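In this text the structure is predicted, and so the values were computed from the model without any measurement.
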Protein chains: 2
Amino acid sequence: MLGKSTKKSVNKRPRAKRLAASDRKQQIIESAIALFGRDGLKGTTTKALADAAGVSEGTIFKHFPTKKALYLAAFEGRTGDGMEHLVTELQQLADKGRDEEVIQRVLSAIFHGYDRDRDLHRMLLYVHLGQSDEENKVLDETLRKNAVMEFLIEYIATRQQQGVFRPGNPGTLANAVLALGIQVATTGKLFGNRDYGVSDDDVILELTRFLLNGLRQSS
Amino acid sequence: MLGKSTKKSVNKRPRAKRLAASDRKQQIIESAIALFGRDGLKGTTTKALADAAGVSEGTIFKHFPTKKALYLAAFEGRTGDGMEHLVTELQQLADKGRDEEVIQRVLSAIFHGYDRDRDLHRMLLYVHLGQSDEENKVLDETLRKNAVMEFLIEYIATRQQQGVFRPGNPGTLANAVLALGIQVATTGKLFGNRDYGVSDDDVILELTRFLLNGLRQSS
DNA sequence: ATTATCTATAGATCTATAGATAATGC
DNA sequence: ATTATCTATAGATCTATAGATAATGC
C-alpha cells in the first residue's frame with residue numbers, strides 16, 4: 001500500500017560483480033546444485049538459476065550453452081573424489097584383519113558423503129530417475145562407488161576362503177552392505193526420516209555390528 | 001516426400017470412445033502413472049498425459065482440475081494395499097517362531113511390491129524428492145509400510161527378550177531390515193542395476209540368511 | 001436433455017539469442 | 001579493445017478454460 005515495495009520487483013538486483021569466466025562458471029555451478037538437487041532438471045528454471053547465482057539469465061547462457069549442460073557440469077571433476085584413497089585405506093585395514101573398522105569405515109564414508117554433498121546426492125537420485133542414455137554415461141562415471149563395491153567383493157570372498165565369513169554369494173553380500181548404508185543415508189539425510197532419535201555414530205556402530213554378525217560364521 | 005504422412009500429425013487420433021466419468025478417470029490415472037513415474041510431475045506435460053490416455057487435453061482437465069490433482073490421485077486408494085493382511089501373516093509366523101519365514105516374507109513383499117507397481121514406486125521417489133508440505137501428507141498416508149516397521153520393532157524387541165536375537169536398538173535394526181530390502185529393490189528394479197546375475201529368489205534367500213545371522217545371538 | 005469429448009485459444013512461462021552497456025587491463 | 005554482464009525479446013511450449021460437437025439414455 002505504501003507504494004515502495006508493493007510493485008513486483010521494484011528492488012532490482014545490482015549488476016553482478018565482474019568475475020573471470022572460469023570463476024563465474026564455477027560459482028554458477030555451485031549455486032545451481034542446490035536448485036537442481038531440490039527440484040530436478042525440469043523443475044528448475046533458468047530464471048531461478050540466474051537469481052540464485054546473482055546474475056542475469058543472459059549470463060547463465062553465456063557460460064553454458066544449455067540448461068542441461070549446466071546440469072551435467074555439476075558432476076564434472078567430482079567423479080569418485082577420494083575413492084582411491086578410501087579403497088587404499090580399506091585394503092590396509094582388511095590386511096590387518098580389522099573387520100569392524102573396514103565395515104565402519106565404509107558406512108561412515110557413505111554417511112559423510114551424503115552430509116557433505118547432500119544436494120549433489122539428491123541430483124544423483126534425479127539423474128537415476130531420469131535414465132536418458134547421456135545421463136547414464138554420467139552415472140557410470142560418477143558411481144565409482146563401484147571401486148568400493150569391487151573391493152568389498154574381493155574382501156568378502158577372501159574372508160570366506162579364510163573361514164572367517166560364512167559362505168554365500170560375495171556380490172550379493174557386498175551389495176547388501178552398500179545398499180544398507182546408502183538407503184539409511186538416503187532416508188535419513190535426503191528425506192529427513194530420522195525419527196529414531198539415535199546419533200550417526202551410534203547408528204554406524206549398530207549397523208557395523210549387525211553387518212559383521214551377518215557376515216561372520218556363527219560357530 | 002510422398003506427402004501423405006510427412007506432415008506433422010496428419011494421422012489424427014480418432015475421437016475417444018465415450019466412457020462413464022469414473023471409468024475414464026480411472027483409465028487416465030492408470031496411463032498417467034507410467035508417465036509420472038518416468039519423468040516426474042514437472043517433466044510430464046498435459047499433452048503427453050492426454051496422448052497416453054487417448055483423449056484430448058480438454059478431457060484431462062474435465063476430469064481433473066489441475067495436473068497436480070491427477071498426480072496426487074494416483075496414490076488414492078493405494079495406501080498400504082494389503083498391509084494389514086501382511087502384518088497379520090507376519091505375526092502368525094512370528095508366534096510360531098519361524099524367523100526365516102518372517103524375514104523372507106518381508107523381503108518378498110517388498111520385491112513383489114516393486115515388481116507390481118514399478119511406476120508407482122518411481123513416482124514415490126519423485127514425490128519424496130519433491131518434499132512439499134502437501135506431498136508429504138500423501139507420503140505419510142502412503143508409507144503405511146510403517147505398519148510393517150512397527151511390527152518389526154515389536155518382533156525384534158520380543159525376540160531379544162527371549163534371548164534369541166542379540167541386543168541392540170530395535171528401531172535401528174528394524175530400519176536396517178527394511179532399508180536393505182528397499183534399496184536392493186530400488187536399484188535392481190527401478191534403476192536396472194542387477195549386474196550380479198542372481199535370481200530374485202536367490203537374493204531373497206541370501207539376504208534372509210544374512211539378516212537373520214546379523215540379528216541372532218552368535219553364541 | 002444430459003453427459004462426455006473435442007477444438008481453439010488465452011495467458012503465462014520458459015529457454016535461448018542478439019545486440020547494447022559496463023568494467024577491466026594494456 | 002577485450003571480456004563480462006545486462007536488457008529486451010523471439011519463438012516455443014505449457015496449463016487451463018470456454019464454448020462447440022458428439023454420443024448416450026430416457
Look at all strands and tell whether A:Ile60 reaches a base, only sugar-phosphate, or nothing, counting heavy atoms closer than 4.0 Å. nothing
Expressed as a whole number of angstroms, how long is the span from [X]:[atom1] to [N]:[atom2]?
| X | N | atom1 | atom2 | result |
| --- | --- | --- | --- | --- |
| A:Lys25 | D:dT3 | NZ | P | 15 Å |
| A:Phe61 | D:dT5 | CZ | P | 15 Å |
| A:Gln27 | D:dA4 | CD | P | 14 Å |

Could you list the residues that satisfy side-chain contact (heavy atoms from CB on, under 4.5 Å) with [X], not counting sequence neighbours?
| X | result |
| --- | --- |
| B:Gln92 | B:Thr88 |
| B:Ala50 | B:Glu57, B:Ile60 |
| B:Leu205 | B:Gln104, B:Arg209 |
| B:Gln26 | B:Ile29, B:Glu30 |

Residues which pass side-chain hydrogen bond (donor to acceptor under 3.5 Å, both in side chains) with [X], listed by chain and number, not counting sequence neighbours:
| X | result |
| --- | --- |
| B:Ser56 | B:Thr59 |
| B:Glu154 | none |
| A:Glu206 | none |

Could you tell me if the side chain of B:Lys67 sits less than 4.5 Å from the side chain of B:Phe36, heavy atoms only?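 SC-SC contact between B:Phe36 and B:Lys67 confirmed.
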B:Tyr155 and B:Asp99 side chains, donor-acceptor separation under 3.5 Å: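 On atom types as modelled, these side chains qualify, holding a pair under 3.5 Å.
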Return the polar atom pairs (N/O with N/O) between nucleotides 7-12 of chain D and the protein under 3.5 Å, or none.
| unit_1 | atom_1 | unit_2 | atom_2 | d |
| --- | --- | --- | --- | --- |
| D:dT7 | OP1 | A:Lys12 | NZ | 3.0 |

Which residues in residues 43-53 of chain A have a heavy atom closer than 4.0 Å to any atom of DNA chain D?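 Close to the strand, none.
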State, to the nearest 10°, the angle formed by the axis through the first five base pairs of the helix from C:dA1-D:dT24 to C:dT24-D:dA1 and the axis through its last five.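 End axes: 0° apart.
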Contact pattern, 5' to 3', of nucleotides 19-26 of chain D - B, S or - by protein heavy atom under 4.0 Å: --BBBS--
So, A:Asp200 and A:Lys189, do they make that salt bridge, N to O below 4.0 Å?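 Salt bridge: yes.
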Looking at B:His63, does any N or O in its side chain come under 4.0 Å of the phosphate oxygens OP1/OP2 on C:dT5? yes
Pair listing, ring-ring contact (aromatic ring centres under 6.0 Å, His included) test, anchored in residues 38-60 of chain A, at least two apart: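 Passing the test, one end in residues 38-60 of chain A: no pairs.
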